[in-house]
Amino acid sequence: MRIARFSIDGNVAFGAVEGDKPDELVLDIIKGIPFTDFELSGTKVPLSKVRLLPPVLPNKVVAFGRNYAEHARELGNEVPDAPFAFFKPSTSVIGDGDAIQYPSFSAEVHHEAELAVVIGRLCREVPRERVKDVIFGYTCANDVTARDVQKREKQWARAKGFDTSCPLGPWVETGLDLKTAGDLTVQLTVNGGQRQLGRTSEMIHSIEDLIVNISEAMTLLPGDVILTGTPAGVGPLVVGDEVAVTIEGIGTLTNKVVKRG
């Protein structure tokens with residue numbers, strides 16, 4: 001099931017996305033929130049009539065760096081032996097169609113296409129065999145990065161955490177199992193031209209590895225997001241660019257880059 005969060009007529013709701021053709025998609029509005037048992041209301045609205053919002057409002061976004069060997073090498077970094085985590089704040093999150101605002105303190109902003117895992121229940125110290133039970137679903141992400149700032153500052157809080165630096169969407173796909181999610185095509189285009197192309201099977205540390213690793217240290221909450229790393233091919237974005245992340249079996253997340261007002 002594809003679950004979207006959206007606004008219509010000033011109201012915010014979740015809905016199940018139905019249909020296959022992009023111009024014929026409809027939302028069946030969900031009663032309540034999708035992290036517990038829920039029912040479909042039967043009230044349907046065309047997707048074209050709503051504004052898609054970030055599919056979840058995470059308490060925290062835990063991102064893992066250098067989880068694809070070729071990406072680590074393209075930036076001149078060593079491949080880490082263990083998962084390497086950092087945070088993006090909730091204020092960095094935007095949805096499909098929202099603008100990425102080019103930060104005034106950077107002159108080199110890069111795109112990074114990633115598979116995002118959405119946590120479905122409160123959990124801590126998750127054993128490997130229970131990882132599948134704490135995953136709500138998967139969505140597309142773009143770990144937008146001020147690369148010049150990342151290079152000169154030891155901590156990545158500003159480089160990775162600025163406002164609008166974490167596009168998520170367009171919805172959460174709940175129908176993928178761990179095996180399937182572990183071998184999906186991840187691609188990114190800028191103005192229609194392909195920049196990144198990889199598969200989640202190329203990750204150094206698997207989805208299970210990442211969730212076991214971070215849940216050893218902290219409690220994960222429903223709606224929290226885990227970014228699993230980016231394949232090779234990262235590169236610059238400039239004002240006016242349209243960047244699109246497409247992940248097999250999930251969908252396409254599209255955002256335009258604008259000057260911060």
Side-chain angles (χ1 to χ4, degrees), residues 1-6 12 14 33-35 52-68 83-98 100 111-124 126 131-145 156-157 159-176 178 181-182 184 186 188 200 203 205-231 245-247 249-255:
M1 182 179 290
R2 294 167 293 176
I3 295 180
R5 181 171 163 269
F6 65 95
V12 175
F14 289 92
I33 61 173
F35 298 110
L52 284 178
L53 301 173
V56 290
L57 287 177
N59 174 271
K60 53 187 170 291
V61 177
V62 182
F64 285 90
R66 303 171 188 171
N67 199 29
Y68 288 73
F84 175 75
F86 58 92
F87 291 101
K88 295 175 82 80
S90 59
T91 47
S92 68
V93 174
I94 58 173
D96 181 67
D98 291 337
I100 297 168
H111 56 75
E112 294 190 9
E114 309 207 6
L115 174 71
V117 182
V118 180
I119 299 299
R121 63 178 65 179
L122 185 148
C123 58
R124 185 180 65 178
V126 181
V131 165
K132 63 181 185 301
D133 299 326
V134 307
I135 295 175
F136 176 64
Y138 303 88
T139 192
C140 306
N142 192 347
D143 176 21
V144 183
T145 302
W156 294 357
K160 294 277 194 177
F162 61 88
D163 290 354
T164 75
S165 66
C166 189
L168 297 174
W171 42 65
V172 178
E173 173 56 68
T174 65
L176 299 174
L178 268 171
L184 299 174
V186 178
L188 180 144
T200 56
M203 290 192 295
H205 304 290
S206 68
I207 295 167
E208 295 99 319
D209 293 336
L210 303 182
I211 292 178
V212 168
N213 174 273
I214 199 62
S215 70
E216 287 177 339
M218 66 191 65
T219 299
L220 301 176
L221 303 176
D224 280 352
V225 171
I226 310 295
L227 302 188
T228 59
T230 192
V245 177
T246 300
I247 300 182
I250 299 176
T252 298
L253 166 69
T254 304
N255 302 92

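Keep in mind that what you see is a predicted model, and the values were worked out from it rather than measured.
- Met203 CE to Leu115 CG: the interatomic distance, rounded to the nearest 0.5 Å, is 6.5 Å.
- Checked by atom type and distance alone, the side chain of Ser90 never pairs as donor or acceptor with a backbone atom of Asn59 at under 3.5 Å.
- Side chains of Leu220 and Leu122 form no contact here, defined as non-hydrogen atoms less than 4.5 Å apart.
- Residue Cys140 holds its SG atom at 11.5 Å from CD of Glu114, rounded to the nearest 0.5 Å.
- You'll find the side chain of Thr252 stays beyond 4.5 Å of the side chain of Val245, heavy atoms only.
- At a threshold of 4.5 Å between non-hydrogen side-chain atoms, the residues Lys160 and Glu112 count as touching.
- Just one residue in the list Leu178, Ile226, Leu176 forms a side-chain contact (heavy atoms from CB on, under 4.5 Å) with Ile135, and that residue is Leu178.
- When every heavy atom of Val62 is checked against every heavy atom of Ala85, the shortest pair comes out as CG1-CB, 4.2 Å.
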Q) Does the pair Phe64 and Asp209 meet the rule for a side-chain contact (heavy atoms from CB on, under 4.5 Å), with working shown? A) CA-CA 11 Å; Phe64 285 90; Asp209 293 336; over 6 Å; no
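- Between the CG atom in Leu253 and the OG1 atom in Thr139 there is a gap of 7.0 Å [rounded to 0.5 Å].
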Q | Step-by-step side-chain contact (heavy atoms from CB on, under 4.5 Å) determination, Leu53 to Val12 | A | CA-CA 9 Å; Leu53 301 173; Val12 175; 3.8 Å; yes
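- Minimum interatomic distance between Val118 and Val56 (heavy atoms only, all atoms of both residues): CG1-CG1, 3.9 Å.
- Asn213 places no side-chain N or O within 3.5 Å of a backbone atom of Leu210 that could act as its donor or acceptor partner.
- When Val93, Thr254, Ile94 are each tested for a side-chain contact (heavy atoms from CB on, under 4.5 Å) with Pro167, only one passes: Ile94.
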Q. Can you list the steps and then say if Trp156 with Phe162 is a ring-ring contact (aromatic ring centres under 6.0 Å, His included)?
A. CA-CA 10 Å; Trp156 294 357; Phe162 61 88; over 10 Å; no
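- Under the side chain to side chain donor-acceptor pair (under 3.5 Å) criterion, the residue pairs touching residues 215-227 are Lys60-Asp224, with sequence neighbours excluded.
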Q.
For a side-chain contact (heavy atoms from CB on, under 4.5 Å) check, start with the C-alpha distance between Phe86 and Val61, then their side-chain angles and the critical distance, and finish with the verdict.
A. CA-CA 9 Å; Phe86 58 92; Val61 177; over 6 Å; no
Q: Applying side-chain contact (heavy atoms from CB on, under 4.5 Å), run through Ile207 and Val117 and close with a yes or a no.
A: CA-CA 8 Å; Ile207 295 167; Val117 182; 4.1 Å; yes
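- Here the side chains of Ile119 and Ile211 are in contact, with some heavy-atom distance below 4.5 Å.
- Here the straight-line distance linking atom CG of Asp96 with atom CZ of Phe6 works out to 14.5 Å at 0.5 Å rounding.
- Considering every non-hydrogen atom in both Asn255 and Gly95, the closest pair reads ND2-O, 2.9 Å.
- Contact detail for Lys88 and Val144: the closest heavy-atom pair is NZ-O, 3.4 Å.
- Ser165 approaches Gly161 most closely through the heavy-atom pair OG-C, 3.6 Å.
- Not counting sequence neighbours, the partners of Thr174 by the side chain to side chain contact (heavy atoms under 4.5 Å, CB included) test are Met1, Ile3, Phe136, Val172.
- The backbone N or O of Asp133 sits less than 3.5 Å from a side-chain atom of Arg121, completing a donor-acceptor pair.
- Taking OG1 from Thr164 and CG from Asn142, the interatomic distance works out to 10.0 Å, rounded to the nearest 0.5 Å.
- When every heavy atom of Ile250 is checked against every heavy atom of Trp171, the shortest pair comes out as O-NE1, 2.8 Å.
- Between Leu221 atom CG and Cys123 atom SG the span is 8.5 Å, to the nearest 0.5 Å.
- The shortest side-chain heavy-atom distance between Leu57 and Arg5 falls under the 4.5 Å cut-off.
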